[in-house]
Amino acid sequence: MHGGGARLTRAARVTLACAVCAAVACAASTPGGPGGLRGVEWGVLLPLAALYALCEYAPRCPLLGPRVPGNVGAFFPVLLTAAVLLPPAAAALTPVPGALVGRARAHHPVARRVWHAAQLALAAWAAARVHGALSGQLADGAPLAFPAALPPAVAAALTLCAVTTALDGCMLVAAERCPPRLAWRGQFARSAGPHLAHGLAGLMMAVLWRSPYGPVAALLVLLPMYICCWVFAQYHRERAAHRATVRALVQAVDIKDRYTRGHSERVGRASALIARELGMDEARTEALRFAGILHDVGKLGVPTRLLRKEGPLTAEERRVIQLHPEYGNEMVRGIGFLGEARAAILHHHERMDGTGYPYGLSGSEIPPFARVVAVADAFDAMTSTRSYSRARPVGAALVELDRCAGSQFDPDVVRALRRALDREGWSPAATADLTEALEGPYGGSGGVGGGVRAASEPVP
Amino acid sequence: MRHAVTLLYAAAAALCAVALCATLWRGLDEPGIAAAFGCVIAVGEFARVRLPEADGGSRTVGPLGIAGALGYALLGEAGGEPTSHGVLQTVAVTVVASLCGLAPHVARGQPPPVDHSVRAVLGVGFAATCFQPLYNSGWLAGAFAPGPGYVLCLLGITLLTGACDALLTAALSAARAGWPFGPLLRDELRARLGIVPAIAATGAVIALAVAVAGLWALPVFCVPLLLTQFSFRRYASVRATYRQTIASLARATEVAGHTPQGHARRVARLSRAVGRELGLREPELTVLEYAALMHDIGQLSLVDPVPGGATQPLAPQEQRRIALLGGAVVRQTGVAPEVAVVVERQADPYREQPVAARVIRVVNAYEDLLARRPAERSAAGFPGVAPALDRLREDTERDYEPRVVEALARVVHGG
């Protein structure tokens with residue numbers, strides 16, 4: 001469902017259908033009798049649903065669109081207000097119109113909207129249920145008093161968060177065949193904070209709604225909360241900005257020399273493989289992926305004629321080419337988020353015995369990132385076709401790496417590469433665009449596809 | 001104009017002095033409420049976030065502190081009980097709390113945000129003067145018994161305060177830089193279209209929430225806002241990343257030997273000045289600056305660098321190809337698409353170009369003429385600034401827009 005232009009998988013359709021059925025069942029049920037929505041305060045439900053629809057619709061609206069910060073995600077304070085003020089069945093209805101008119105990504109927009117509506121309806125229903133159970137039977141129109149109103153509201157917010165992330169994970173598994181161990185990792189912890197904040201805001205809205213100042217005062221809560229949502233969405237923009245940086249630098253190298261690009265992508269992929277095998281956490285793996293992709297950015301400083309030269313290089317020409325790590329370091333030194341990756345760009349041609357360049361560092365003096373990128377770089381250089389040499393099979397390349405382990409390469413890194421390749425295989429084909437190389441297979445918008453080549457299979 | 005700044009500072013200082021003396025003399029009314037609001041303001045000021053600005057400087061933002069102060073200025077009831085703090089106590093509490101919040105930053109060697117504090121004091125004084133007498137005299141309660149009218153009244157006061165604040169900011173920068181007041185005020189108001197209503201609404205909500213639910217409302221409502229203010233650092237980091245990427249790409253052509261050292265930065269600085277002279281607005285100036293920094297990226301595709309980085313001698317198709325490739329790189333950076341368009345359209349005749357591209361073309365050519373070695377320049381017949389400008393004036397048929405050349409002449413001769 002998040003994938004490219006492919007059809008929805010069967011599992012995704014089944015998940016979608018189940019969610020819709022469950023949501024309909026929730027909206028039709030009322031605890032304490034089959035009364036449906038009888039006795040619900042329509043005066044609360046309709047304005048809240050309209051408000052939520054407005055919040056979702058605003059970024060799509062041609063009149064408001066450009067002025068409204070887009071990409072704020074679902075607008076949870078309104079849902080949590082509904083969970084506090086309304087019975088579960090009514091709370092489940094609140095997000096439905098908004099989710100159906102809201103913005104959706106290009107592929108399968110209808111399915112996405114329906115899924116969004118079902119997911120939010122289920123989450124709101126569960127949150128209202130939890131709130132009702134903890135706060136006792138809140139009589140209609142009774143004022144909410146602090147601090148007693150606080151724990152139920154917090155529980156409702158956490159419930160909303162848990163249900164949405166759980167369902168997100170389900171869809172990721174069903175539609176993208178993402179391994180279950182990756183689907184839920186870190187999701188709840190990441191979104192619990194914002195949901196708690198939204199829960200408190202929703203409570204505040206509910207309190208003001210029931211106060212003598214009425215719904216107008218409650219509406220005012222939305223303005224600061226809209227900014228909050230936008231700010232929380234910056235987490236995604238931050239990652240997007242980092243990827244954009246890497247992409248732009250790669251594109252700059254690409255217009256100079258086409259070969260370097262495919263090589264960079266593959267070295268980035270191999271570096272990330274090794275990083276994961278060495279047990280590095282998500283952030284460092286991402287940094288190493290960047291380091292691998294950018295390791296040759298200094299080639300920008302080498303004259304194009306030299307890069308394209310076929311045949312042996314003179315000593316002078318070799319000296320010029322050997323300046324590229326320093327050029328690379330000079331280029332990216334101002335880019336703060338690259339951090340450790342900059343060391344890899346500067347030192348990826350150092351050798352364990354101290355005979356490399358630019359500084360002749362040896363052994364543990366070489367930064368760990370640089371040792372990983374050195375192995376990934378050599379591996380791809382051997383297994384891909386260059387102007388002056390044909391590609392070698394993966395197995396032969398690994399034998400060669402083993403032979404140079406200790407003198408040129410870090411043996412631990414070489415072993416990690418071998419283990420990773422044994423498990424996951426290696427596909428030397430460059431991806432169509434950088435997206436997948438940058439995000440990894442489960443990064444969110446890259447599809448997973450294409451056969452993975454067996455490690456020993458010869459490269460055409 | 002200089003004395004406008006002095007006048008505002010003196011007014012703020014006098015207000016502070018009177019407020020502090022009066023409050024010390026009379027003692028605090030409702031000290032618990034004053035302390036609670038003081039905490040919110042101090043924490044909000046402490047958690048200010050530094051944002052990098054387009055012109056290389058930075059400014060700090062801390063909406064929570066201001067919203068807290070506005071809330072205190074507009075506080076009528078607290079948990080159903082009437083309050084009696086007046087205008088002067090409001091100002092005194094705000095001043096003391098902001099000083100407490102800012103003290104750690106100043107102790108660590110950051111410059112104190114004097115302008116910001118002056119504006120905050122005057123703004124809070126204004127809001128409190130609008131509200132407190134109305135409330136304390138009982139008129140407000142009579143006119144709008146607790147209900148929607150009261151809410152709108154509070155919102156109106158806070159919005160008015162925001163507008164006054166924009167006025168003060170524009171007046172301060174107009175007095176400092178000697179630029180005309182009108183366009184600055186327009187830029188300020190436009191830049192605040194999003195944030196002022198949000199701060200105004202927050203201030204009003206704080207006052208109303210405390211009126212309904214007592215002091216409990218402060219932590220419940222302010223903790224989310226504080227978290228938001230902290231995550232605002234992310235936004236700052238996104239902006240920093242864009243700037244760093246652009247700087248790095250601007251360096252790329254120098255590292256590759258396509259352009260002279262510092263060329264991109266000189267063109268960007270001069271383009272900005274010319275753009276301002278032409279009356280471009282701040283967002284347009286930013287697009288202009290970014291495009292100027294990256295205007296030569298496409299030259300990376302040349303197998304052999306053009307001497308001095310001047311692409312004028314190349315065939316038109318070749319120039320267009322370079323411009324398009326450059327635009328493709330710029331598109332990847334994630335900056336506004338307008339920037340990429342400006343870079344792409346560099347090789348077109350100026351009548352078909354966006355204004356920013358015309359400015360960059362002229363400034364770039366001017367830089368190229370001046371960057372040649374003096375001997376070369378006198379041999380070619382333009383030893384100085386005036387002949388270079390004359391040379392540009394000769395070519396206003398296709399390449400250089402006359403209006404831009406004249407703006408450049410004014411900037412060069414003026415500075």
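What you see below is based on every heavy atom in this structure, not just the backbone, and it leaves out hydrogens, waters and symmetry mates. A, B, ... follow the sequence lines: proteins, then strands. Residue 1 opens every chain.
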Quiz prompt | Exam field: side chain Ser248(B) to backbone Met331(A), donor-acceptor pair closer than 3.5 Å | solution = yes
Quiz item: Got a second to check how far Leu200(A)'s CG is from Cys222(B)'s SG, nearest 0.5 Å?
Solution: 11.0 Å
Practice problem: Report yes if the side chains of Gln244(B) and Thr245(A) come closer than 4.5 Å at any heavy-atom pair, otherwise no. | Solution: no
Practice problem: Could you have a look at Leu225(B), Val220(B), Leu249(B) and say which one has the most heavy-atom pairs with chain A under 4.5 angstrom? | Solution: Val220(B)
Quiz item: Rounded to the nearest 0.5 Å, how far does OG1 of Thr304(A) lie from NE2 of His258(B)?
Solution: 5.5 Å
Quiz item: Does CH2 belonging to Trp216(B) count more than 12 external heavy atoms closer than 6.0 Å?
Solution: no
Quiz item: Can you tell me how far CE of Met204(A) sits from CD1 of Ile206(B), rounded to the nearest 0.5 angstrom?
Solution: 10.0 Å
Exercise. Quick one: closest heavy-atom pair of Val255(B) and Glu330(A), and the distance?
Key: CG2-CG, 3.9 Å
Practice problem: Evaluate the side-chain proximity of Thr202(B) to Leu223(A): yes if any heavy-atom separation is below 4.5 Å, no if none is. | Solution: no
Quiz item: Is there side-chain contact between Phe221(B) and Val221(A), with at least one heavy-atom pair below 4.5 Å?
Solution: yes
Quiz item: With chain B, which of Leu220(A), Leu203(A), Leu196(A) has the greatest number of heavy-atom pairs at distances under 4.5 Å?
Solution: Leu220(A)
Quiz item: So which of Gly149(B), Ala328(B), Gly334(B) has the largest heavy-atom pair count under 4.5 angstrom toward chain A?
Solution: Ala328(B)
Exercise. Just give me the residue among Gly301(A), Gly298(A), Ala149(A) that pairs up with chain B most often, heavy atom to heavy atom, under 4.5 Å.
Key: Gly301(A)
Quiz item: Would you say Arg331(B) and Gln251(A) make side-chain contact, with heavy atoms under 4.5 Å?
Solution: no
Quiz item: Contact part of Leu226(B) toward chain A, heavy-atom cut-off under 4.5 Å: side chain, backbone, both or neither?
Solution: neither
Self-check item: Minimal non-hydrogen separation, Ala213(B) against Val207(A), with atom names
Solution: CB-CG1, 4.4 Å
Quiz item: Do Pro148(B) and Tyr213(A) have side chains that get closer than 4.5 Å, going by heavy atoms?
Solution: no
Quiz item: Which bit of Ala200(B) is near chain A, if near means a heavy-atom gap under 4.5 Å: side chain, backbone, both or neither?
Solution: neither
Self-check item: Proximity breakdown for Leu208(A) and chain B, heavy-atom pairs closer than 4.5 Å
Solution: side chain
Quiz item: Counting heavy-atom pairs under 4.5 Å to chain B, which of Pro147(A), Gly199(A), Ala153(A) comes out on top?
Solution: Pro147(A)
Quiz item: Is atom CZ of Arg321(B) surrounded by more than 12 heavy atoms (other residues, nucleotides or ligands) closer than 6.0 Å?
Solution: yes
Self-check item: chain A contact via Ile199(B) - side chain, backbone, both or neither, heavy atoms under 4.5 Å
Solution: neither
Self-check item: Exam field: side chain Arg247(A) to backbone Gln332(B), donor-acceptor pair closer than 3.5 Å
Solution: no
Exercise. Nearest 0.5 Å please: distance from the CG atom of Leu325(B) over to the NZ atom of Lys256(A).
Key: 13.0 Å
Quiz prompt | Spatial distance of atom CD1 (Ile255(A)) from atom CG (Leu324(B)) [nearest 0.5 Å] | solution = 11.0 Å
